[in-house]
Amino acid sequence: MDLDMEEFAETRLRKPNNAPHDRFLDAYRARMGYRAEPLHPPAIRGVEGAIDIHCHAHEGQQDALAIAKLASASGMGGLLYKSVQGMNKPAAAGPAAVVREIERDLAAWSGETGIEPIRVWSGWIATDTRGLPLVEAARRHLDDGVSAVWMPVFRSANTLSKVGGPPIWWGGSTDPKEWSDPLPWDQALKVGAYTLDEHGRLKPEYKEIFRMVADRDVMVSFAHATHEEIFAMAEEVRNLGITKAVIDHPFSPFIDLSLDQMKELASAGVYLNFTYDEISPLLGVNPADMCRTIQALGTDHVTLSSDAGEPLFPHTVEALRLLRAHMNAFGLTEKEVHQVSSVNPGRLLDIT
């Protein structure tokens, strides 16, 4: 039943006494109390030394070289490209080769401008096999120099069961722009990637990838795994002594971990990587909740990253500035912000 204007006004007046009020209060206390150095575009202030371990720059997103130049001009420490233009083209050598080209072009730009270039790293997603057996594909990309491996992301059964995907991936359509409804779990298992066997243990090919990750001492992300997969991966991390394991966007509906679960995983040495995506308007996590969670976890196994690149987000440098600023405004000290956005990401990428 539609409300008349008077009833609508009364409802609006009552709204602060309902659930959103806590976020409303948190927001205004933070925004009225937080002050930082004024921004002077195009360079961004407030990201000095930050290392983004979750940067997107594939087709239709931000330009990989342009964002590396801006990150350099803004004094960042580096970018790990989870995705990058050209990484999936059949003729391309792979993400490591693409990022080496970016590094070369960035160095040339640095020579022209005198601006110190950031470090850049490449990552590989475990579903990008180009028709090779999974383990062989992983070995090739690791041999080529990727610094991080992501378990299945948008082709994972978990993702397909929550948001669907392009049916062209599993032969359900010929239209590359079509997007399905969320798939029933049984169907998602048939057409998506799932890392566990019928006994709830990691399948041999994924166990071998974790072994290679341990041998190469590179970062591994659990990506869009289910809770069952996450804890099986964490057990493998314990068994192999891996020190560079990451769970991205733990508040995202793809992951949706409780504080107790996060504490258990952090105690196993797994890093919780909180992202701008989570506090963006698209997901709408309360920044105060994120900050309080980090405080409850402690900062030893926490990182911040952008997970940005899409046109609906700010670019990576601004997204990281916003995330750092929000965490500082809502209660993390500057030292804690530095640890989770510079020191800890540096450990994951061997920056000392």
Taking it one step at a time, do Phe274 and His249 satisfy ring pair (Phe, Tyr, Trp, His ring centres under 6.0 Å)?
CA-CA 5 Å; Phe274 295 91; His249 40 62; over 10 Å; no
Let's go through Asp197 and Lys207 carefully: what are the C-alpha distance in whole Å and the side-chain angles of both, what is the deciding distance for side chain to side chain contact (heavy atoms under 4.5 Å, CB included) to 0.1 Å, and is it a yes or a no?
CA-CA 11 Å; Asp197 63 19; Lys207 286 178 71 72; over 6 Å; no
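Comment: Arg216 engages Asp143 in a salt bridge, judged by a side-chain N to carboxylate O separation of less than 4.0 angstrom. In this structure, Glu235 pairs ionically with Arg238, as a charged nitrogen and a carboxylate oxygen lie closer than 4.0 Å. Using a 4.0 Å cut-off between a side-chain N of Lys or Arg and a carboxylate O of Asp or Glu, Arg292 and Asp289 qualify as a salt bridge. With respect to Glu208 and Arg211, a salt bridge is recorded, a charged nitrogen being found less than 4.0 Å from a carboxylate O.
In this structure, Thr159 contributes its side chain and Val153 its backbone to a donor-acceptor pair below 3.5 Å. Listed for the Ser110 side chain is a donor-acceptor partner under 3.5 Å among the backbone atoms of Ile115. Side-chain atoms of Asp52 come within 3.5 Å of backbone atoms of Ser306 as a donor-acceptor pair (strictly under, hydrogens ignored). A donor-acceptor contact shorter than 3.5 Å links the side chain of Ser72 to the backbone of Ile118. Put simply, the side chain of Glu101 never gets that close to the backbone of Val98: no donor and acceptor are under 3.5 Å apart. Judged by distance alone, with hydrogens and angles left aside, the side-chain atoms of Lys244 form no donor-acceptor pair with the main-chain N or O of Val220 at under 3.5 Å.
With 3.5 Å as the limit, one finds no donor-acceptor pair spanning the side chains of His224 and Ser156. Using modelled atom types and a 3.5 Å distance limit, the side chains of Trp150 and Asp248 yield a donor-acceptor pair. For the residue pair Glu264 / Ser267, no side-chain donor-acceptor distance below 3.5 Å is found, with atom types taken as modelled. In summary, the side chains of Thr316 and Gln62 do present a donor paired with an acceptor at a separation below 3.5 Å, with no hydrogens or angles considered. Between the side chains of Thr299 and Gln339, a donor-acceptor pair is found at a separation under 3.5 Å. For the residue pair Ser252 and Glu278, no side-chain donor N or O sits within less than 3.5 Å of a side-chain acceptor on the partner. Side-chain polar atoms of Ser305 and His54 form no donor-acceptor pair below 3.5 angstrom.
Two residues are said to be in side-chain contact when any heavy atoms from C-beta on lie closer than 4.5 Å; Val120 and Tyr81 meet this criterion. Taking 4.5 Å as the limit, some side-chain heavy atom of Phe222 sits within range of a side-chain heavy atom of Val237. Considering only heavy atoms from C-beta on, Phe231 stays 4.5 Å or farther from Thr226 through its side chain. Within the 4.5 Å cutoff, the side chain of Leu142 has no heavy atoms near those of the Ile209 side chain. With contacts defined as side-chain heavy-atom distances shorter than 4.5 Å, the pair Phe251/Met262 qualifies.
Nearest heavy atoms, Arg130 versus Pro95: NH2-CD, 4.3 Å. Across all non-hydrogen atoms, the minimal contact from Pro345 to Ile53 is CB-CG2, 3.7 Å. The nearest pair of heavy atoms linking Asn273 to Leu304 is OD1-C, 3.7 Å. Here the shortest heavy-atom pairing between Gly46 and Arg324 reads O-NE, 2.8 Å. Nearest heavy-atom pair across Asp144 and Ala97 is OD2-N, 3.7 Å.
Leu282 and Ile279 fall within the same hydrophobic cluster, defined by Ile, Leu, Val, Met, Phe, Trp and Tyr side-chain heavy atoms under 4.5 Å apart, directly or through other members.
Residues passing the ring-ring contact (aromatic ring centres under 6.0 Å, His included) test with Phe313 are Tyr276, sequence neighbours excluded. A search for ring-ring contact (aromatic ring centres under 6.0 Å, His included) contacts involving Trp185 returns Tyr194, not counting sequence neighbours. Contacts of His326 classified as ring-ring contact (aromatic ring centres under 6.0 Å, His included), with partners at least two apart in sequence or in another chain: none.
In this structure, Tyr271 and His301 have tilted ring planes: the angle between them lies in the 30° to 60° band.
Expressed to the nearest 0.5 Å, how far CG of Leu196 lies from CD of Glu229 amounts to 5.0 Å.
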